[in-house]
Amino acid sequence: GGSSVENFCNHLHRDLKSQLAYAQVWGTSSKHNPQRCSLAHVLEDEDVVQLVKNKKAVNKEELRGRFKNTSDEPLRLSDRTKKAPLKT
């Protein structure tokens with residue numbers, strides 16, 4: 001046996017385990033390629049792992065670059081306020 005997905009997450013970053021939605025695993029430890037796995041899944045040598053985080057796990061204040069939203073405009077088009085009609 002090898003280490004679990006939980007140990008793998010802790011090896012990468014200590015906060016990753018709490019933010020993980022699921023992991024996709026390719027390799028000899030999985031029945032299907034890819035297999036959707038939880039933290040308890042035991043990995044084997046040369047397995048390929050893709051970690052998928054929860055959408056709610058991303059903190060808006062920590063976003064950087066083009067993902068940071070600094071405007072006060074609403075995110076959805078339906079939430080915008082209508083402009084006054086033009087006077088003709």
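Excluded from the calculations below are hydrogen atoms, water molecules and symmetry mates; all remaining heavy atoms, backbone and side chain alike, are included. Note that the structure is predicted; figures quoted are calculated from it, not measured.
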For residues L20 and V52, determine if any side-chain heavy atom of one lies less than 4.5 Å from a side-chain heavy atom of the other. no
Side-chain (H13) to main-chain (D15) donor-acceptor, under 3.5 angstrom: yes
With side-chain hydrogen bond (donor to acceptor under 3.5 Å, both in side chains) as the test, pick out the partner of E6 among H41, K17, H11. K17
So do the side chains of L51 and L12 get within less than 4.5 Å of each other, counting heavy atoms only? yes
Spatial distance of atom OG1 (T28) from atom CG (D45) [nearest 0.5 Å]: 7.5 Å
A21 versus N54, closest heavy-atom pair with distance: CB-OD1, 3.0 Å
Give the minimum heavy-atom separation between V25 and C37, together with the two atoms involved. CG2-SG, 3.8 Å
S4 side chain reached by L39 side chain, heavy atoms, under 4.5 Å: no
Would you check if there is a donor-acceptor pair between the side chains of S30 and N33 at a distance under 3.5 Å? yes
Which pair of heavy atoms, one from Q35 and one from S29, lies closest together, and at what distance? OE1-O, 4.3 Å
Does some side-chain heavy atom of Q24 sit less than 4.5 Å from a side-chain heavy atom of V48? no
Spell out, yes or no, whether W26 and F8 are grouped together once hydrophobic residues are joined by side-chain heavy atoms under 4.5 Å, including indirect joins. no
